Amino acid sequence: FGLGKPFGVILDERGLISRDLMEEPVFSSWREIMGAPVTVKEGEENVIIIGEKEHQIPLELKDKKENFAEFLKFTAQARA
């Protein structure tokens, strides 16, 4: 049953929600994103870290995860 749940990344008016296959969703609000460091996890090709929360990103973004992290910070600041 757990395999049938959707996984991926959602950006909406509240913030970022990510979910990896067979894992619970991880949520970071735009306020959290704006106030926390957004970094990439070394050695993990599809993980960014917001504060202490690890978000899985789609493999299509793995080569651009630094850009995605910057995009999240920019978007959080623009929403403030």
Side-chain angles (χ1 to χ4, degrees):
F1 288 66
L3 293 176
K5 292 183 179 178
F7 62 97
V9 171
I10 297 173
L11 296 172
D12 67 11
E13 68 277 354
R14 299 172 297 150
L16 169 71
I17 304 167
S18 66
R19 183 174 181 283
D20 196 16
L21 193 61
M22 299 181 66
E23 297 291 334
E24 290 298 314
V26 178
F27 173 74
S28 291
S29 70
W30 289 118
R31 186 169 299 225
E32 284 179 87
I33 295 168
M34 187 171 63
V38 178
T39 58
V40 298
K41 186 171 182 178
E42 294 301 320
E44 297 275 345
E45 57 186 24
N46 63 329
V47 176
I48 60 169
I49 302 171
I50 299 172
E52 296 183 12
K53 297 179 183 177
E54 292 188 5
H55 286 272
Q56 299 287 326
I57 60 172
L59 288 175
E60 295 82 12
L61 292 175
K62 72 178 183 178
D63 294 332
K64 299 173 183 71
K65 62 184 174 182
E66 290 86 1
N67 292 347
F68 186 65
E70 287 295 318
F71 168 77
L72 291 173
K73 288 298 273 189
F74 175 82
T75 303
Q77 290 173 354
R79 295 190 57 82

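Source: prediction; values computed, not measured. Quick note: residue numbers are just sequence positions, from 1.
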Apart from Val40 itself, which Ile, Leu, Val, Met, Phe, Trp or Tyr residues share its cluster (side-chain heavy atoms under 4.5 Å, direct or through members)?
-> Val9, Leu11, Leu16, Trp30, Ile33, Val38, Ile48, Ile50, Ile57, Leu61, Phe68, Phe71, Leu72
Tell me the side chain to side chain donor-acceptor pair (under 3.5 Å) pairs involving residues 69-80, sequence neighbours left out?
-> none
Partners passing side-chain hydrogen bond (donor to acceptor under 3.5 Å, both in side chains) against Arg14 (at least two apart in sequence or in another chain) = Asp12
In short, salt bridge (Lys or Arg N to Asp or Glu O under 4.0 Å) pairs touching residues 51-69 with sequence neighbours left out are Glu32-Lys53, Lys41-Glu54, Glu45-Lys62
Test log, rule side chain to side chain contact (heavy atoms under 4.5 Å, CB included), inputs Val26 and Arg19 | CA-CA 6 Å; Val26 178; Arg19 183 174 181 283; over 6 Å; no
Apart from Met34 itself, its cluster of hydrophobic side chains linked below 4.5 Å comprises none
